[in-house]
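Shown next, in structure tokens, is the structure this report addresses.
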Number of protein chains: 2
Amino acid sequence: MLPPTLLAMTIDVVPFAICAERLAVLLARHSAGWRLPGGSIGADEDLDAAARRHLVEQTELGEVYLEQLYTFGQPDRDPGQRTVAVAYYALVPAGRPPVDALPIADRVRWASVDALPALTLDHGEIVALAHRRLAAKLAYSTIALQLMPERFTLSELQAVHETILGEPLDKRNFRKRILALDCIEVTGDMARRGGHRPARLYRAKRPGQVDFIK
Amino acid sequence: MLPPTLLAMTIDVVPFAICAERLAVLLARHSAGWRLPGGSIGADEDLDAAARRHLVEQTELGEVYLEQLYTFGQPDRDPGQRTVAVAYYALVPAGRPPVDALPIADRVRWASVDALPALTLDHGEIVALAHRRLAAKLAYSTIALQLMPERFTLSELQAVHETILGEPLDKRNFRKRILALDCIEVTGDMARRGGHRPARLYRAKRPGQVDFIK
DNA sequence: TTATGTTAGTGTCAATTTAACACTATTACA
DNA sequence: TGTAATAGTGTTAAATTGACACTAACATAA
């Protein structure tokens, strides 16, 4: 058997969050345009660790849900050097210190997935695949909780689902389903926002953990 | 941004087939033990193409369903050189020329997934993950057809499902479900094997294509 | 203080889907 | 001609899903 080939490898991360009722991706400035956060893999570094490191270094987003998505290796995906990219996606809870407030604010930017600027290489396809995967997982896991702040209302959780799926959901059926999953619990406090009836605040029963359904 | 790291990369393929009513993996001989088929990636070769090439070269299995599984990159997964492995799994239809008859017969061997010999590196975990993925896909795709010969009976298809899932299925419910999927059609011919009523032979309506359900 | 606007919260019923279940049909072979 | 073995077939109850509309609670403004 031949020795393994040495290939240029990178990590690319699709950091998702809900911004202004839209599914948004955090992009990093790149020469004239935009790219996904990411970069090289340390000689002795785990792939997951590299993804997390780049996220922290470039976006200051630590402690987020991270999952390997797919490995992109078409020889011509990078017109310069042939590069294999291991793609991840991350879910950033709402309510984290907004990027605008950070010193890196001029290097990154949240962009809605349905109004992305042109991205370098195949990063647009990577975002599209990540979006499909995320949408599919809503049906059989509690993954959406990873996009929520520590305490949230059921209406907010429903809005997140609707935003990702791109379609409205029935309020009563949604609540029935979520509560039956036994993945969230009431905090006892209420959210008083706006001139209307306050909503119960819930929290995840097992924060950070994604449960599979059925 | 730092330049991408050069890393040793390999492809590993889990070639699944049903052998003697068991889910089996085709292993390649490796020094004293066994490993998954696979190897290096050509400098200008697509990852999928590399997986297919290694499969053909080492096992003479061409024209099989192939799907990327996961990329394994723990720094210590190979005690020698640090190596990143892009894992694939392949589904080999029953009824292909049996490996035993090939000139490579002394270099490879089918082993049942529930009686695997010790495999090199983390190849055991790769097989386990591939098995879980395959089992999960039975629920929402027509992927099992990729393990069937060109013509097959419903009982044979059910046996394949049962073998992968490791649990018995109800005959009438199974047949109802499969036929409702509209993914197979009768050939008109009958399978006459053994001293009992012959079974209708079916074929895939869209061979090579995996449809998703619901 | 009262009316209005806005979102929160709740239950039923029909339709569909799922899961359990047993017998007859057809062949080879003894 | 009987026996062994697998093929093939429907019904029913239970569970799940999906559609659907009103009252509750608050802020604000008149």
Side-chain angles (χ1 to χ4, degrees), chain A residues 18 20-21 94 135-136 138-142 144 148-149 151-163 165-203 211-214, chain B residues 18 20-21 94 135-136 138-142 144 148-149 151-163 165-203 211-214:
Chain A
I18 304 292
E21 306 274 292
L138 291 185
Y140 62 89
S141 78
T142 60
M148 306 306 292
R151 306 188 327 155
F152 53 87
T153 71
L154 279 177
S155 295
E156 287 163 353
L157 182 57
Q158 180 176 346
V160 168
H161 278 252
E162 289 172 334
T163 295
L165 293 174
E167 65 185 23
L169 299 172
D170 180 88
K171 196 201 315 198
R172 281 174 289 192
N173 293 338
F174 179 81
R175 292 160 106 93
K176 240 184 302 176
R177 190 170 91 83
I178 295 296
L179 293 174
L181 294 181
D182 191 41
C183 59
I184 62 175
E185 62 193 1
V186 292
T187 62
D189 297 334
M190 308 293 279
R192 303 173 182 280
R193 304 172 195 137
H196 53 79
R197 177 172 174 176
R200 294 188 214 231
L201 284 167
Y202 289 80
R203 72 177 142 242
D211 299 324
F212 289 80
I213 301 167
K214 270 211 296 188
Chain B
I18 304 292
E21 305 275 292
L138 291 186
Y140 63 91
S141 79
T142 60
M148 306 307 292
R151 307 188 325 155
F152 54 87
T153 71
L154 280 176
S155 295
E156 288 163 354
L157 182 58
Q158 180 176 345
V160 167
H161 278 252
E162 290 172 334
T163 296
L165 294 174
E167 66 186 22
L169 299 172
D170 179 88
K171 195 197 323 194
R172 281 174 290 191
N173 292 337
F174 178 81
R175 292 159 106 93
K176 240 183 304 176
R177 189 170 91 84
I178 295 295
L179 293 175
L181 294 180
D182 191 42
C183 60
I184 61 175
E185 62 193 359
V186 292
T187 62
D189 297 334
M190 308 293 279
R192 302 172 183 280
R193 304 173 193 135
H196 54 78
R197 176 171 176 177
R200 294 187 213 230
L201 284 167
Y202 289 81
R203 73 177 143 244
D211 300 323
F212 290 80
I213 301 167
K214 271 212 295 189

Nearest 0.5 Å, what's the CD-OG1 distance between A:Glu156 and A:Thr163?
11.5 Å
Do B:Phe152 and B:Ile184 come within less than 4.5 Å of each other through their side chains, counting heavy atoms only?
yes
For A:Asp170 and for A:Arg192, find the nucleotide of DNA chain D with the closest heavy atom, then tell me which residue's nucleotide is more 5'.
A:Asp170
Rounded distance (Å) that lies between atom C1' of D:dT16 and atom CG of A:Asn173
11 Å
Without decimals, in angstroms, what is the distance between A:Glu21 CD and C:dT7 P?
10 Å
Distance from A:Asp189 atom CG to A:Arg151 atom CZ, nearest 0.5 Å?
4.5 Å
Which of the following nucleotides, C:dA8, D:dG8, C:dT6, is nearest to the side chain of A:His196?
C:dT6
From A:Asp170 CG over to A:Lys176 NZ, what is the distance, rounded to the nearest 0.5 angstrom?
7.5 Å
Within the pair B:Ser155 and D:dA7, is there a side-chain N or O less than 4.0 Å away from OP1 or OP2?
yes
D:dC22 OP1/OP2 closer than 4.0 Å to side-chain N/O of A:Lys171
no
Grab the CD-P distance between A:Glu167 and D:dG18 for me, whole Å please.
10 Å
Check: B:Glu162 side chain, B:Leu169 main-chain N or O, donor-acceptor pair, under 3.5 Å
yes
Has B:Arg175 got a side-chain N or O lying under 4.0 Å from the OP1 or OP2 atom of D:dT9?
no
Give the nucleotide from the list D:dA7, C:dA8, D:dG18 with an atom nearest to the side chain of A:Lys176.
D:dG18
Report the distance from atom CZ of B:Arg177 to atom C1' of D:dG8, rounded to the nearest whole Å.
19 Å
Provide, to the nearest angstrom, the distance between the CZ atom belonging to A:Phe174 and the P atom belonging to C:dG11.
18 Å
Rounded interatomic separation in angstrom, taking CG from A:Leu169 and C1' from D:dA19
14 Å
Can you tell me how far P of C:dA8 sits from OH of A:Tyr202, to the nearest Å?
12 Å
Considering heavy-atom distances to DNA chain D, does B:Glu156 or B:Arg172 have its closest nucleotide positioned more toward the 5' end?
B:Glu156
Contact class for A:Arg200 vs. all strands (heavy atom < 4.0 Å): base, sugar-phosphate, or nothing?
sugar-phosphate
Interatomic distance, A:Arg193 CZ vs C:dT6 P [rounded to whole Å]:
19 Å
